Amino acid sequence: MTTNTAPRVLLGGYAAKQCPVRTQHDFGPHPQAWVPDTEDQARLDAGIAYEAEMFTALTRVHPGAVGIGSRLRRDDAIAATLAAMDAAAPLILGGWLPDDNDGARTGKPDLLIRVASGYLPGDVKHHRTLEAKKTKTSQVSGFGTPGLRRPAAGWTSATTHRLHDGIQLAHYTRMLQACGRHPGPDHLWAAIIGTSTLPGEAGEERVLVWHDLTEPLGHTYSRSRGKASRTLLQRYDHEHQFRVDVAAAAVTGDTLLVEPVGQPECRTCPYEQVCAEQMGDDDASRALTVGSLDTREWLTLRRLGITTTAALADVDPDDDPFFDSYYAETSHRGRDHARSRLRGAVQRAAMITAGTALTL
């Protein structure tokens with residue numbers, strides 16, 4: 001008889017949009033909880049308060065909305081969510097979906113919106129979800145009819161938050177598919193309630209802003225093509241599976257799959273000091289806190305032997321043999337843009353090495 005000894009990994013909706021090194025630590029031998037400072041705690045509290053405000057507003061105008069008690073135990077909350085879906089509730093607030101063990105997913109979407117014969121996910125975010133743009137049209141819905149999308153001409157949902165919001169919504173979409181509650185491949189949409197409003201008959205109207213999870217979203221690195229246009233679902237699937245692999249390796253104690261790179265996310269990570277000690281004081285990605293490179297760019301430099309700030313300051317971006325090796329792994333940026341970004345990093349490294357302070 002063969003026993004399955006594969007490690008059990010379940011990742012929440014945030015993992016695919018966070019640094020994979022954090023996932024590696026979370027599933028390693030010494031996991032740590034993040035303790036927010038006063039500023040971050042105030043931001044988190046504001047988000048929680050805003051979510052409660054939106055839940056109250058939704059319940060007020062949508063009599064069919066079903067709220068899942070926030071104090072329910074996990075199993076009870078999942079059972080209540082499934083019961084509400086079985087009863088075809090038009091809107092479920094604060095639900096908890098069954099774990100997707102095969103897909104290594106767990107999650108609690110803020111909103112479950114009935115569309116056709118199933119449910120689409122939604123989330124509440126304390127940030128803007130729309131920008132004015134004359135040539136664009138977004139899909140939105142009102143609080144009273146959350147499942148009915150309508151066009152909003154002159155607005156775009158392509159804010160700076162779209163990628164992170166979309167990856168989290170894709171996570172919940174895969175969970176709904178796994179438990180058989182998604183309405184199908186013709187309905188790969190998901191919604192965010194943010195702080196943006198639209199002009200309405202009774203004044204400014206808060207709306208759900210919908211994201212098409214099948215819409216191509218920019219370019220990412222492709223080993224076979226240099227760069228490739230991928231949808232939100234494709235981006236999520238790749239990032240999620242990579243972190244599942246990272247977590248599984250960390251659980252079993254196998255060779256660790258990722259190494260730390262300095263980035264803005266470090267400031268709100270419980271492992272900031274752990275990674276800082278591993279990288280060392282002279283690591284270039286730690287030193288360049290202004291106008292930094294992305295993770296792929298830093299890792300490419302490391303593979304080329306450029307690890308310290310002083311070494312980066314000595315790089316010649318116009319050295320074509322060196323740049324060709326660098327660009328082979330950073331072609332998602334485009335040749336001119338990649339060279340420009342590298343040149344800027346070299347200049348900032350030279351300033352740091354010379355003792356010149358860099359400020360925002």
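Fair warning: this is a prediction, and the values are worked out from it, not measured in the lab. Values below: all heavy atoms of this structure, side chains included; hydrogens, waters and symmetry mates excluded. Each residue takes its place number in the sequence, starting with 1.
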Below 4.5 Å, heavy atoms only, C-beta onward: do [X] and [Y] meet side chain to side chain?
X      : Y      : value
Arg114 : Arg181 : no
Arg296 : His332 : yes
Leu299 : Val261 : yes
Phe55  : Val124 : yes
Leu111 : Asp123 : no
Gln32  : Tyr271 : yes
Leu288 : Trp298 : yes
Arg341 : Val346 : no

Under 3.5 Å: donor-acceptor pair, side chain of [X], backbone of [Y]:
X      : Y      : answer
His182 : Gly184 : yes
Arg105 : His171 : no
Thr195 : His127 : yes
Thr231 : Thr214 : no
Ser138 : Ser157 : yes
Arg286 : Gly280 : yes

Would you say [X] has more than 12 foreign heavy atoms packed within less than 6.0 Å of its [atom1]?
X      : atom1 : answer
Asp336 : CG    : no
Lys108 : NZ    : no
Asp320 : CG    : yes

So which atom in [X] and which in [Y] form the shortest heavy-atom distance, rounded to 0.1 Å?
X      : Y      : value
Val21  : Cys275 : CG1-SG, 3.7 Å
Met279 : Asp282 : O-OD1, 4.4 Å
Leu208 : Gly142 : CD1-O, 3.9 Å
Asp26  : Pro31  : O-CB, 3.5 Å
Pro90  : His62  : CG-CE1, 3.4 Å
Ala250 : Gln24  : CB-O, 3.4 Å

Identify whether [X] and [Y] are in the same connected component of the hydrophobic contact network (ILVMFWY, side-chain heavy atoms under 4.5 Å).
X      : Y      : result
Ile78  : Tyr119 : yes
Leu11  : Val251 : yes
Tyr172 : Leu10  : no
Leu188 : Tyr236 : yes
Val9   : Val246 : no

Next item on the list: Tell me, with the steps shown, if Leu304 and Val315 meet side chain to side chain contact (heavy atoms under 4.5 Å, CB included).
Entry: CA-CA 11 Å; Leu304 294 173; Val315 167; over 6 Å; no
If I take atom [atom1] from residue [X] and atom [atom2] from residue [Y], how far apart are they, to the nearest 0.5 angstrom?
X      : Y      : atom1 : atom2 : value
Leu217 : Leu163 : CG    : CG    : 6.0 Å
Glu131 : Arg162 : CD    : CZ    : 10.0 Å
Ile306 : Leu312 : CD1   : CG    : 7.0 Å
Arg22  : Cys269 : CZ    : SG    : 4.5 Å
His164 : Tyr14  : NE2   : OH    : 11.0 Å
Ile167 : Leu233 : CD1   : CG    : 10.5 Å

Notebook entry, point to check: For Ile68 and Leu93, what are the C-alpha separation, side-chain angles and deciding distance, and is it a side chain to side chain contact (heavy atoms under 4.5 Å, CB included)?
Noted result: CA-CA 6 Å; Ile68 306 300; Leu93 309 177; over 6 Å; no
So that I can tick it off, tell me whether [Y] and [X] are bridged by a salt bridge, with the cut-off set at under 4.0 angstrom between side-chain N and carboxylate O.
X      : Y      : answer
Asp245 : Arg243 : no
Arg302 : Glu259 : yes
Asp40  : Arg43  : yes
Glu297 : Arg303 : no

Next item on the list: Report yes or no: is the cationic atom of Arg335 (NZ for Lys, CZ for Arg) under 6.0 Å from the centre of the six-membered ring of Tyr327, at an angle within 45° of the ring normal?
Entry: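 Yes, Arg335 sits over the ring of Tyr327.
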Next item on the list: Applying side-chain hydrogen bond (donor to acceptor under 3.5 Å, both in side chains), run through Thr197 and Glu204 and close with a yes or a no.
Entry: CA-CA 6 Å; Thr197 58; Glu204 291 296 309; 2.7 Å; yes
Next item on the list: Carefully, step by step, assess Asp294 and Arg333 under the rule salt bridge (Lys or Arg N to Asp or Glu O under 4.0 Å).
Entry: CA-CA 10 Å; Asp294 67 27; Arg333 291 289 183 183; 2.8 Å; yes
Next item on the list: Evaluate the criterion salt bridge (Lys or Arg N to Asp or Glu O under 4.0 Å) for residue pair Asp237 and Arg235; output intermediate values, then yes/no.
Entry: CA-CA 6 Å; Asp237 287 341; Arg235 292 283 296 272; over 6 Å; no
Notebook entry, point to check: Does the pair Lys17 and Glu239 meet the rule for a salt bridge (Lys or Arg N to Asp or Glu O under 4.0 Å), with working shown?
Noted result: CA-CA 7 Å; Lys17 62 183 185 180; Glu239 298 295 344; over 6 Å; no
Next item on the list: Using side-chain hydrogen bond (donor to acceptor under 3.5 Å, both in side chains) as the criterion, point out the one residue from Asp45, Asp37, Thr38 that pairs with Gln41.
Entry: Asp45
Note to self: Determine whether Leu342 and Phe322 satisfy the following criterion, side chain to side chain contact (heavy atoms under 4.5 Å, CB included), listing intermediate values before the conclusion.
What the structure shows: CA-CA 12 Å; Leu342 177 60; Phe322 176 86; 4.3 Å; yes
Next item on the list: Sequence neighbours left out, what pairs pass side-chain hydrogen bond (donor to acceptor under 3.5 Å, both in side chains) with at least one residue falling in residues 66-76?
Entry: Arg73-Asp76, Arg74-Asp99
Checklist line | Pairs involving residues 306-319, ordered by first then second residue, that meet side-chain hydrogen bond (donor to acceptor under 3.5 Å, both in side chains) (sequence neighbours left out) | finding: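 Sorted pair list: Asp318-Arg343.
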Check: Does the side chain of Ser141 come under 3.5 Å of the side chain of Trp210 through a donor N or O and an acceptor N or O?
Finding: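 Trp210 and Ser141 do have a side-chain donor-acceptor pair below 3.5 Å.
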Next item on the list: Classify the ring geometry between Phe242 and His238 as parallel (under 30°), tilted (30 to 60°) or perpendicular (over 60°).
Entry: parallel
Margin query: Working note: Leu232 + Glu215, criterion side chain to side chain contact (heavy atoms under 4.5 Å, CB included); need CA distance, chi angles, decisive distance, verdict.
Written below: CA-CA 7 Å; Leu232 279 168; Glu215 178 185 1; over 6 Å; no
